[in-house]
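In what follows, a structure is listed as structure tokens, so that the remarks can point back to it.
Keep in mind the model is a prediction, meaning the values are calculated, not measured. We name chains A, B, ... by the order of the sequence lines, and we start the count at 1 in each one.
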2 protein chains.
Amino acid sequence: MQTHFTIDCVILTFDEGQLKVLLAERNEYPYKDWWALPGYFVNKYEEMEDAVSRILFEMTGLKDIYMDQLAAFAGVKRHPEGRILTVAYLALVQMEEVKNKISSGSTYMRQLKWFPVTALPDLAFDHKEIIELSLDRLKKTVSYSMTPYELLPSKFTLTQLQQVYEALLNKQLDKRNFRKKINNLGYLKELNEFQKGVSYRAAKLYSFDKKKFHKTFSQD
Amino acid sequence: MQTHFTIDCVILTFDEGQLKVLLAERNEYPYKDWWALPGYFVNKYEEMEDAVSRILFEMTGLKDIYMDQLAAFAGVKRHPEGRILTVAYLALVQMEEVKNKISSGSTYMRQLKWFPVTALPDLAFDHKEIIELSLDRLKKTVSYSMTPYELLPSKFTLTQLQQVYEALLNKQLDKRNFRKKINNLGYLKELNEFQKGVSYRAAKLYSFDKKKFHKTFSQD
DNA sequence: TTTAATAGTGTAGGAAATACACATTATATT
DNA sequence: AATATAATGTGTATTTCCTACACTATTAAA
């Protein structure tokens, strides 16, 4: 027996102190006018990884973004016309990198918009469940990984970094202990630049040192 | 566009000091006579979770086993007849529990056999890759989880438990430190029973205390 | 009774995690 | 110029966890 086969993309970023997910407004039945994850059908002779890149590009205009397979969802009742199996993929992006590139190249989706994960609209299909699974997955993989850095601009303050950890772990962290730990990991490059446009003491900017990070993990 | 849709089961256990996986000898083309993961097609109106239970039962005779979704594999070249999307599920079982229940109820698979994961035969499709992904996944989730206990008989010695950790992590552990750590976790119930049939000092048996385990993790 | 094989046990040193509070600095406001 | 505001940036003591390391105890078999 055969089934329809789609890819859905969970695209997360960190902006204005919050985790946000990119959603699209559907322009087709079922769930016309509902918000949904950007996604579409896989072609017959297309490798799944190629389909992921293509669909991501067609639906959002984004290219060359690493996506990780999250899980397959195949409920018979997901779609009124019968089973549609979807494989969900997860991407972490930097808002500054993508904000001017995002545009729907498909008539299938009307507009794209970032929603804080704590304030999602009603979602089509089982897309809410898919986003929740993404967040669970992330929570498990945060610590000591480069996950938080993928969500931040290339230059960031320690407070921003701490906010990402706090959003992902969903708990408060002590500033001094956090900085001690992060410093010990040694992935940070201290820049001689400072935050701009704030009406209080400007924080020093840092960037993520990929070389040091990979050195640490290649021994493992 | 549509695709064929199957489930494959990675069933792991711990036996004779080794991690073993259950494989089936195929009785159908393609890959007739090759070893493969037990798996089959999902029915049209069947929920994926129901399909997993059904296929597991038809292929191996096993029932009521918790299976965790591993990943979807959808390579166009997986199958000579075109794409077959498979969703792989992972189960951990206790050898003593299952060894008398296993039997192929399908003409599709000829015989079932346990193979040490370190000595796999050539496998059909991309099943080797699927098994390797299972082991990677396990390695990441071992520590402080109940994973190792699912692979052991309900009564086990501390040495057996250590062997499971060693097999999953693929490294040697210090006996005293291991016992200290395990004791601190406090999931163990010390029984007043001893190992039998060994020609040396018999080790004390322990069982896993689910209540204590869940208490620890529900705060989290 | 001896041998072989595994069970079972403690301590000291180092590393990392936690708890906790105040002076400093840049800007905006009066 | 003085003041208020809002966030930055820093240290220490305590406890907990991790690691390294070697010998005696027990049982069955020879």
What residues form a side-chain contact (heavy atoms from CB on, under 4.5 Å) with B:Phe178, not counting sequence neighbours? B:Leu161, B:Gln162, B:Tyr165, B:Leu173, B:Ile182
Close approaches to DNA chain D from residues 152-165 of chain A, in residue order (heavy atom, under 4.0 Å): A:Thr159
B:Tyr149 pairs by ring pair (Phe, Tyr, Trp, His ring centres under 6.0 Å) with which of B:Tyr206, B:Phe14, B:Phe156? B:Phe156
Going by the side chain to side chain donor-acceptor pair (under 3.5 Å) test, which pairs reach into residues 117-131 of chain A, not counting sequence neighbours? A:Asp8-A:His127, A:Arg78-A:Asp126
Going 5' to 3' along DNA chain C, which nucleotides are the first and last within contact of chain A (any atom under 4.0 Å from a heavy atom)? C:dA17 to C:dA28
Between which nucleotides of DNA chain D, read 5' to 3', does contact with chain B run, using atoms under 4.0 Å from its heavy atoms? D:dC18 to D:dA29
The complete set of side chain to side chain donor-acceptor pair (under 3.5 Å) pairs with one or both residues in residues 195-205 of chain A, sequence neighbours excluded, reads A:Glu190-A:Lys204
Interface residues of residues 167-174 of chain B with DNA chain D (non-hydrogen, below 4.0 angstrom): B:Asp174
Counting only pairs under 3.5 Å, give me each side-chain donor-acceptor contact of residues 90-101 of chain B, with atom names and distances, residues two or more places apart or in other chains.
| from | atom 1 | to | atom 2 | distance (Å) |
| --- | --- | --- | --- | --- |
| B:Gln94 | NE2 | B:Leu152 | O | 3.1 |
| B:Glu96 | OE2 | B:Ser154 | N | 3.3 |
| B:Lys101 | NZ | B:Glu97 | O | 3.4 |

Check salt bridge (charged side-chain N to carboxylate O under 4.0 Å, His left out) between B:Glu25 and all other residues, then give those that pass, not counting sequence neighbours. B:Arg110
For the helix from C:dT1-D:dA30 to C:dT30-D:dA1, figure out the bend between the end axes, five pairs an end, and round to 10 degrees. 10°
Residues in residues 193-207 of chain B with a heavy atom under 4.0 Å of DNA chain D, by number, are B:Val198, B:Ser199, B:Tyr200, B:Arg201
Pairs touching residues 49-71 of chain B that satisfy ring-ring contact (aromatic ring centres under 6.0 Å, His included), sequence neighbours left out: none
